[in-house]
Number of protein chains: 2
Amino acid sequence: MELYAERGFDATTVADIAERAGLTERTFFRHFADKREVLFSGGEVLQQAVVDGITAVDPGATSIEAAVRGLETATADFFAPAVRPHSRARQRIIDAHPELQERELIKMARLARAIAEALRERGVAEPSATLTAETAVVIFRVSFDRWVADGDVSTFGALLRESLDGLRSVAAA
Amino acid sequence: MELYAERGFDATTVADIAERAGLTERTFFRHFADKREVLFSGGEVLQQAVVDGITAVDPGATSIEAAVRGLETATADFFAPAVRPHSRARQRIIDAHPELQERELIKMARLARAIAEALRERGVAEPSATLTAETAVVIFRVSFDRWVADGDVSTFGALLRESLDGLRSVAAA
DNA sequence: ATGGTGATGACAGCTACTGACATCGATCGG
DNA sequence: CCGATCGATGTCAGTAGCTGTCATCACCAT
């Protein structure tokens, strides 16, 4: 991430990264599937936390409530105020490179699938499960954008709530 | 697409494609940004059609109604029953290759941004415009999946309506 | 000490993609 | 009717991402 920030994603070769890390280029590719993956390696952990959060929600909750509550508990650990500068730096790099956005998007798609599966475990039928999961991910993304943005100082959980409310009024219209 | 279907995306080189097309490898890259783009080249046309459709909707309509109506008019031209076999073949290739899914996802993201812009033109404020646009794209994707799936024989417009209803009940919960 | 295992290095190779320059055909002004 | 121009293509060389294969080495268990 240092190198990507310093000279840009395209301008840094895998050889550069390997050198700074004191390793071989080959070894880099044994740890990361490709050059982009470096920025996304922690993703499965968050995904698992969200899934765990959803299954922990009281069974009486509606599907969208369960999904958002799962996001709330998971993001409370991952998106503490202290990590905001790091997240912001990371996001600046991603936003500047379409290839990285592609990777980010597929991670989100996987998150949606995992959420849908967790909802089905709770007894939510299709197509509600998928629809709810996709909606939850939209809420997550909108919230994340606002959380990373400079001006906003709300907590992630509060932003999730606001986004959910916003979406409810949009859908009700 | 012939070659991708015959021997798989990974197993076909650009040299193969160029040869079958009777052209040079270099010429291929002058027409398509990269190897994946071949499968997505028509995307901007659909996007423009959706945007045009949205701006044509009567100004009194709500934002989500305008977005879905825009999708309806655009998809009526692009997703006629006759093109279903082609769409299905294309989708089979994409579904088998994560790299292609990445590209598809970023196209969807661009579509969402274009829809949001069209909604803002209609006077919809943020964050409603973005939220509505993302929601509309979810509806589009769910509908497209069902339209491409074997069993279903509904028209695309009907599927859009059903998905919108489904999402409304999810969000209302 | 021996053998197994997991991480790394070394090296060769393929292919996606790019830049630079030459060629060629069509078109258009004189 | 000729030459200039322009757009599309061919040619060639080069870079870099990524992979397969084999050797090495540290560590651990028996």
Side-chain angles (χ1 to χ4, degrees), chain A residues 1-45 47-48 89-110, chain B residues 1-45 47-48 86 89-111:
Chain A
M1 229 187 80
E2 292 173 17
L3 286 168
Y4 291 168
E6 283 173 21
R7 45 182 103 160
F9 179 77
D10 300 320
T12 79
T13 76
V14 176
D16 293 335
I17 303 175
E19 189 189 359
R20 169 140 342 171
L23 290 174
T24 321
E25 197 172 336
R26 190 64 183 89
T27 302
F28 173 90
F29 284 112
R30 276 193 267 254
H31 286 267
F32 304 100
D34 55 53
K35 195 183 157 188
R36 301 178 243 167
E37 195 63 18
V38 197
L39 290 173
F40 301 93
S41 57
E44 326 76 35
V45 190
Q47 176 171 318
Q48 190 56 48
R90 195 189 87 115
Q91 203 60 34
R92 221 187 332 255
I93 301 171
I94 295 176
D95 288 345
H97 299 277
E99 347 163 30
L100 295 173
Q101 294 163 32
E102 289 188 342
R103 181 57 50 85
E104 185 175 43
L105 287 166
I106 206 172
K107 297 285 181 181
M108 288 293 152
R110 284 200 233 283
Chain B
M1 230 187 81
E2 292 172 16
L3 286 167
Y4 290 168
E6 284 173 22
R7 44 182 105 160
F9 179 76
D10 300 320
T12 78
T13 75
V14 177
D16 293 335
I17 303 175
E19 189 189 358
R20 168 136 349 167
L23 290 174
T24 320
E25 200 172 332
R26 190 65 182 88
T27 302
F28 172 89
F29 284 112
R30 276 193 267 253
H31 286 266
F32 304 99
D34 56 53
K35 196 183 156 188
R36 302 177 243 166
E37 195 62 20
V38 197
L39 291 172
F40 301 92
S41 57
E44 325 76 36
V45 190
Q47 177 171 317
Q48 191 55 49
H86 178 271
R90 194 189 89 115
Q91 203 60 31
R92 223 190 329 257
I93 301 171
I94 295 176
D95 288 345
H97 299 278
E99 346 163 31
L100 295 173
Q101 293 162 33
E102 289 187 343
R103 181 57 50 87
E104 185 175 42
L105 287 165
I106 207 173
K107 296 287 180 181
M108 287 294 152
R110 283 200 233 282
L111 176 60

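Note on naming: letters A, B, ... go to the chains in the order of the sequence lines (proteins, then strands), and numbering restarts at 1 for each one.
Non-hydrogen atoms lying under 4.0 Å from DNA chain C are contributed by T12(B), T13(B), V14(B), all within residues 7-15 of chain B. At a non-hydrogen distance threshold of 4.0 Å, R26(B), F29(B) from residues 19-29 of chain B come into contact with DNA chain C.
By the 4.5 Å heavy-atom criterion applied to side chains, K35(A) and T12(A) are counted as neighbours. Contact check for I93(A) versus M1(A): side-chain heavy atoms found under the 4.5 Å cut-off.
One atom, CZ of F32(B), and another, P of dC17(C), lie 13 Å apart when rounded to the nearest Å. As rounded to whole Å, 18 Å separates atom P of dA16(C) from atom NZ of K35(A). Nucleotide dC17(C) holds its P atom 14 Å from the CG atom of D16(B), rounded to whole Å. Nucleotide dA16(C) holds its P atom 12 Å from the CZ atom of R36(B), rounded to whole Å. Atom pair I17(B):CD1 and dT15(C):C1' shows a separation of 12 Å (rounding to whole Å applied).
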Check: Could you walk me through whether D10(B) and E99(B) pass the side chain to side chain contact (heavy atoms under 4.5 Å, CB included) check?
Finding: CA-CA 10 Å; D10(B) 300 320; E99(B) 346 163 31; 2.9 Å; yes

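Sorted by first then second residue, the salt bridge (charged side-chain N to carboxylate O under 4.0 Å, His left out) pairs that include residues 25-34 of chain A, not counting sequence neighbours, are D34(A)-R103(A).
Checked against ring-ring contact (aromatic ring centres under 6.0 Å, His included), F28(B) has the following partners two or more places apart in sequence or in another chain: F32(B). Residues passing the ring-ring contact (aromatic ring centres under 6.0 Å, His included) test with H97(A) are F9(A), sequence neighbours excluded.
Counting non-hydrogen atoms of other residues, nucleotides and ligands closer than 6.0 Å to CD of E6(A) gives a total above 12. By the neighbour-count criterion of 12 heavy atoms within 6.0 Å, atom CD of E19(A) is sparsely surrounded, having that number or fewer from other residues, nucleotides or ligands.
With a 6.0 Å cutoff to the six-membered ring centre and a 45° limit on the axis angle, R90(A) does not count as a cation-pi contact of Y4(A).
Close approach of DNA chain D to chain A, defined as any atom under 4.0 Å from a non-hydrogen atom of the protein, starts and stops at dG17(D) to dT21(D).
Look at H31(A) and you won't find any side-chain N or O under 4.0 angstrom from OP1 or OP2 of dA7(C).
A salt bridge between K107(B) and E37(B) is present, with a side-chain N of the basic residue lying under 4.0 Å from a carboxylate O of the acidic one. A salt bridge does not link E104(B) with R36(B): every distance from a Lys NZ or Arg NE/NH1/NH2 to an Asp or Glu carboxylate oxygen is 4.0 Å or more.
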